[in-house]
4 protein chains.
Amino acid sequence: MPHVRTQQIVDAAVRVFMRKGVHQSSVDEIVAEAGVSKGLVYLYFKGKKALIEAVMKRLFAPDLQIAQRLLNGNEAVSSRLQEYVRAFAADVERYRALLPLFHECYSMLGRNRRMRELVADYYARQESFFRKMVLQGIVSGEFRACDAETAAVSLLALQEGLIMRWMMQPETTDWSAQAEESLNLLLRALLENN
Amino acid sequence: MPHVRTQQIVDAAVRVFMRKGVHQSSVDEIVAEAGVSKGLVYLYFKGKKALIEAVMKRLFAPDLQIAQRLLNGNEAVSSRLQEYVRAFAADVERYRALLPLFHECYSMLGRNRRMRELVADYYARQESFFRKMVLQGIVSGEFRACDAETAAVSLLALQEGLIMRWMMQPETTDWSAQAEESLNLLLRALLENN
Amino acid sequence: MPHVRTQQIVDAAVRVFMRKGVHQSSVDEIVAEAGVSKGLVYLYFKGKKALIEAVMKRLFAPDLQIAQRLLNGNEAVSSRLQEYVRAFAADVERYRALLPLFHECYSMLGRNRRMRELVADYYARQESFFRKMVLQGIVSGEFRACDAETAAVSLLALQEGLIMRWMMQPETTDWSAQAEESLNLLLRALLENN
Amino acid sequence: MPHVRTQQIVDAAVRVFMRKGVHQSSVDEIVAEAGVSKGLVYLYFKGKKALIEAVMKRLFAPDLQIAQRLLNGNEAVSSRLQEYVRAFAADVERYRALLPLFHECYSMLGRNRRMRELVADYYARQESFFRKMVLQGIVSGEFRACDAETAAVSLLALQEGLIMRWMMQPETTDWSAQAEESLNLLLRALLENN
DNA sequence: CATGAATGAGCCTTCATTCAT
DNA sequence: TATGAATGAAGGCTCATTCAT
């Protein structure tokens, strides 16, 4: 799968998709951007749909690395969640041009099983990360004995909602701070002596 | 603008978009659904883009009526927010087939100023509703003296995030309850004696 | 069905198919020949396949008119069959450039149900014509009491086989005479006092 | 030409052509079926056209062995022709999946000189066989003094026509019997005392 | 106001063929 | 001999948009 040519084409597709959106981009444009022939795309991908899926797969991949690292940290869960939010905010900042892409993908969910599985998998992992973090907090006595599932769902929803808000108001200057404040508000509901 | 023919076409467009999505729907299909001629669509709308915008305008409109009513209520803010969540959940349940449509719109935000304004306006109103509610709570002593802006943003983000989650996991049986639990968690961070 | 535009497109398709064959002809060429836009073809025909079917339908149609006329004649069956062969030979002569077309169609029979039905129908009618003629001959005492079915099948086979032979040896000068001689040979097996 | 690799490729091509037809088959499929590399095909054949020609050459080749054997037989010509028909019917039965292939070839005749020569040669041999048989019959007094050429042409046409009929009506159960009946009818026109 | 026949640019995809290795 | 990655021309088809009536 990490074939050099696959990489090259997916990279180009990401760039073109960022510029024009998925539906407005033609295979010709991707081909031109990648510097390969049109036929080659169909040698490595079954069609445009498959290429889109590959692009999304690639875009979803890196987000979970931060989570994995933080899961094994020693600091307070609150601190680690705050660090996560900061890292995530930086990530989103860097790939902000990709946000519309995600929404295009989300809009396919009802009609594309592969895409649905891809996205569902990503969200399951994210939720799992939050749940584990909350459980760590409860076990260590940092958090009160709340329902970890509800907390995880709320944290995830908060994250997603903030991204959406950010997409709609790109002029917000200090998005990272806003995200942290929201997180802190929610943490207040989780912390023990509060 | 509220011409009877305009209405007829937009209604048909909504139905077709629900069935197939915005990009997969052709003007021919909408025309057939509306029972009008193709030329008529171009008499009332400048093009497909304008039609999509009209459709979204219509879809964004009604959601805020509940909010307006609750804003003038007498019960505790917590109760009214809970009621809002229930009403909203019921609404989303009813129009769940439209969710992908919204995402298609969101994906246009970067390249369509009209759409951006439309959506931004909607979110501004939503946020305003939450902010006013929080302020009411603070004034009445129900909520502690927190930052109303942050609270409003968080409530809005929570709402959006939950919708997205629901879209991705349509099998979730009791979505309304889940939403209420998340709201309660956040309320815990806002209530005075907690 | 006999829409003026349909006619126009089918006519053009016949001409292009005659020049290049079915598979070597592109829709663009047909469109250019017909002097209409590409989209129009797809307004009247579901696709290239459907267009080919329409072409064949048209080509099969006229052959049966002669047969119908001869069926109601008063002369001896032998004479009328001879006349049929002459008329048919003239017809084939005129449309000789179309013969490869028929073979292209025949080669589709296994993978195209519509085409199969079309051709089967044509052959059923032809056979019916020959059977009725033979029966007329038997009833009138011109022919001996033979199996009309076998005779019809043989006449039909003879006709098809001669066409094929002619296609393969276009240089044959007097094809009509050859066809008549073959018919006479077969008639010898059918006539009473022989 | 009878190189082992050539054989291997042509064999594979025949199998693929039988499954999908000439035009619907890609070089890739033939290559996969043959288990060789794509480049190799172009090493042994100038292109797809040349490969098709090689395939047809192979398919036309074996049919004449029966004829040769029967030509040297001692039995009555009628009997031998009947035997020929039976053998031929069995042959066609066995290779019925190839019939569409022949029609695809026939449709190329007008635009492919090589193919034309190939087919013409085959038919010349077939006709020659029938002519010799008829002449044997005339010499031996079994047949009346008819025009051997006309008789041969008729026999050949009958054979071809019957094959075509069979291709179009694959459901015909006893094709061999039908063929024999048709032959007998024609023989009636050739036999002396009739 | 209203129609719907007509347009044509543009898209995705296929596939015979080549060539560096 | 043999490979198979790479090519790119060409094809079928869609669909937003126009315009004569």
Side-chain angles (χ1 to χ4, degrees), chain A residues 3-6 8-9 23-32 34-52, chain B residues 3-6 8-9 23-32 34-52, chain C residues 3-6 8-9 23-32 34-52, chain D residues 3-6 8-9 23-32 34-52:
Chain A
H3 191 286
V4 62
R5 239 40 193 239
T6 300
Q8 189 181 353
I9 293 168
H23 285 102
Q24 272 61 38
S25 301
S26 67
V27 174
D28 279 276
E29 268 174 297
I30 295 165
V31 154
V36 298
S37 74
K38 206 191 285 205
L40 203 64
V41 170
Y42 289 87
L43 202 62
Y44 289 102
F45 300 94
K46 202 170 182 188
K48 199 191 178 187
K49 245 185 197 168
L51 179 54
I52 296 173
Chain B
H3 191 287
V4 63
R5 243 37 195 275
T6 301
Q8 190 180 353
I9 293 167
H23 284 101
Q24 272 62 38
S25 300
S26 66
V27 174
D28 279 275
E29 264 175 301
I30 295 164
V31 155
V36 298
S37 75
K38 209 191 286 202
L40 205 62
V41 170
Y42 286 87
L43 200 63
Y44 287 105
F45 301 93
K46 198 168 183 189
K48 199 191 177 187
K49 243 184 197 167
L51 179 54
I52 295 172
Chain C
H3 190 285
V4 62
R5 239 43 193 242
T6 300
Q8 189 180 353
I9 292 167
H23 285 100
Q24 272 61 39
S25 301
S26 68
V27 174
D28 280 276
E29 269 175 297
I30 296 166
V31 153
V36 298
S37 72
K38 205 192 285 205
L40 202 64
V41 170
Y42 290 88
L43 201 62
Y44 290 101
F45 301 93
K46 202 168 183 193
K48 199 191 176 187
K49 247 185 196 168
L51 179 54
I52 296 172
Chain D
H3 190 284
V4 63
R5 244 35 196 275
T6 300
Q8 189 181 353
I9 293 167
H23 285 101
Q24 273 62 38
S25 301
S26 66
V27 174
D28 279 275
E29 264 175 301
I30 295 164
V31 155
V36 297
S37 75
K38 209 191 286 201
L40 205 62
V41 170
Y42 286 86
L43 200 64
Y44 288 105
F45 301 94
K46 197 167 185 190
K48 199 191 178 187
K49 242 183 196 168
L51 178 54
I52 295 172

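So you know, we letter chains A, B, ... as the sequences are listed, proteins then strands, and number each from 1.
Contact between B:His23 and B:Lys48 at its shortest, heavy atoms only, is O-NZ, 4.2 Å.
To the nearest whole angstrom, the two P atoms, one in E:dC1 and one in F:dT21, are 23 Å apart.
Two residues, B:Ser26 and C:Glu29, neighbour DNA chain F, and the one matched to the more 5' nucleotide by heavy-atom proximity is C:Glu29.
For B:Tyr44, the ring-ring contact (aromatic ring centres under 6.0 Å, His included) test picks out B:His3, with sequence neighbours left out. Listed by chain and residue number, nothing satisfies the side-chain contact (heavy atoms from CB on, under 4.5 Å) test with B:Ala32 (two or more places apart in sequence, or in another chain). The side-chain hydrogen bond (donor to acceptor under 3.5 Å, both in side chains) test applied to B:Lys38 returns B:Asp28, not counting sequence neighbours. With sequence neighbours left out, the side-chain hydrogen bond (donor to acceptor under 3.5 Å, both in side chains) criterion links A:Lys49 to no other residue. In this view, A:Gln8 and A:Arg5 satisfy the side-chain hydrogen bond (donor to acceptor under 3.5 Å, both in side chains) rule, not counting sequence neighbours.
Distance, B:Gln24 CD to F:dT14 C1': 12 Å, rounded to whole Å. Note: NE2 (C:His23) to P (E:dC15) measures 12 Å, nearest angstrom. The interatomic distance linking A:Lys46 (NZ) with E:dC12 (P) rounds to 17 Å, in whole Å. When the C1' atom of F:dT14 is taken as reference, atom CZ of C:Phe45 falls 18 Å away, rounded to whole Å. Taking atom CG of B:Asp28 as the reference point, atom P of F:dT17 lies 12 Å away to the nearest angstrom.
Between C:Tyr42 and the phosphate of F:dT14, there is no side-chain N or O to OP1/OP2 separation shorter than 4.0 Å.
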> Would you write out the dot-bracket form of DNA chain F, 5' to 3', with Watson-Crick and G-U pairs under 3.5 Å, [ ] for crossing pairs, | for pairs to other strands and . for unpaired bases?
Replying inline: .||||||||||||||||||||
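Considering CD1 of C:Ile52 and CD1 of C:Ile30, their distance stands at 7.5 Å, rounded to 0.5 Å. Remark: C:Ile9 CD1 to C:Leu51 CG distance equals 7.5 Å, nearest 0.5 Å. Rounded to the nearest 0.5 angstrom, B:Glu29 CD and B:Gln24 CD are separated by 10.0 Å.
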So which protein nitrogen or oxygen atoms get under 3.5 Å of nucleotides 1-4 of chain F's nitrogens or oxygens?
{"unit_1": "F:dA2", "atom_1": "OP1", "unit_2": "D:Arg5", "atom_2": "NH1", "d": "2.8"}
{"unit_1": "F:dA2", "atom_1": "OP2", "unit_2": "D:Tyr44", "atom_2": "OH", "d": "3.0"}
{"unit_1": "F:dT3", "atom_1": "OP2", "unit_2": "D:Ser37", "atom_2": "N", "d": "3.1"}
{"unit_1": "F:dT3", "atom_1": "OP2", "unit_2": "D:Ser37", "atom_2": "OG", "d": "2.9"}
{"unit_1": "F:dT3", "atom_1": "O5'", "unit_2": "D:Ser37", "atom_2": "OG", "d": "3.3"}
{"unit_1": "F:dG4", "atom_1": "N7", "unit_2": "D:Gly39", "atom_2": "N", "d": "3.3"}

